[in-house]
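Notes follow the structure.
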Amino acid sequence: MSLDPVAAPYLAVVLLGFLPSEVWRWLAVALAHRIDEDSEVFRFVRSLATALLVGVVYKIVAAPARELAAAPLWARGGAFVFAAAAFFGFGRSVFAAILAGEAAVIAEAWWWG
């Protein structure tokens, strides 16, 4: 039995990318109820995750790749400000920030061509 050449990359992504990380997610869910949110370790991990997120956002705004690099810095900065306002305006919702930032980038690209 041979594997369809079109389906092979998707199967590889599922087997090598999705499933190994899914095991760790379920393990985290099983162990999460034992973690004290006010513990020193949890605050350190939260600070580390926040720092990594800030670094990724800075890289996207300051040194973007591909098509986003065509957008001027003021447009990317404006989308960041719009996303930050949505984040705080909707009760620290990351989902709202992502939607607002994407909408701002798309609107700026459409408006300014």
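- Summarising the geometry, atom CG belonging to Leu99 is positioned 10.5 Å from atom CZ belonging to Phe82; distances are rounded to the nearest 0.5 Å.
- Residue pairs meeting the salt bridge (Lys or Arg N to Asp or Glu O under 4.0 Å) criterion with at least one member in residues 10-28, sequence neighbours excluded: Glu22-Arg25.
- Among pairs with a residue in residues 54-83, none fulfils side-chain hydrogen bond (donor to acceptor under 3.5 Å, both in side chains), at least two apart in sequence or across chains.
- Across Ala86 and Ala96, no two heavy atoms sit closer than the pair CB-O, 3.8 Å.
- Taking Trp24 as the reference, nothing meets the ring-ring contact (aromatic ring centres under 6.0 Å, His included) condition, with sequence neighbours excluded.
- The hydrophobic clustering, which links ILVMFWY residues whose side-chain heavy atoms are closer than 4.5 Å, places Phe88 and Ile98 together.
- Sequence neighbours left out, the pairs with a member in residues 41-56 that pass side-chain hydrogen bond (donor to acceptor under 3.5 Å, both in side chains) are Glu40-Arg43.
- Proximity of Ile60 to Val56: side-chain heavy atoms (C-beta onward) are separated by under 4.5 Å at one or more points.
- The salt bridge (Lys or Arg N to Asp or Glu O under 4.0 Å) test applied to Glu102 returns no partner, not counting sequence neighbours.
- By the rule that hydrophobic residues join a cluster once side-chain heavy atoms approach within less than 4.5 Å of another member, Leu68 and Ile106 end up as members of separate clusters.
- Between Leu15 and Pro20, the shortest heavy-atom contact is O-CD, 3.3 Å.
- Taking each heavy atom of Ala83 and Ala100 in turn, the nearest pair found is CA-CB, 4.2 Å.
- Scanning for side chain to side chain donor-acceptor pair (under 3.5 Å) contacts around Glu37 gives an empty result, with sequence neighbours left out.
- No side-chain heavy atom of Asp36 sits less than 4.5 Å from a side-chain heavy atom of Phe42.
- Shown here for Ala62 and Pro64, the closest heavy-atom pair between the two residues is C-CD, 3.6 Å.
- Side chain of Ser39 to backbone of Ile35: no donor-acceptor contact under 3.5 angstrom is found.
- Within the model, atoms CG of Leu16 and CG of Leu11 stand 8.5 Å from one another, a figure rounded to the nearest 0.5 Å.
- Within a 6.0 Å radius of CZ in Phe90, other residues, nucleotides and ligands contribute 12 heavy atoms or fewer.
- Side-chain contact between Val13 and Phe18: absent, with no pair of heavy atoms (C-beta onward) separated by less than 4.5 Å.
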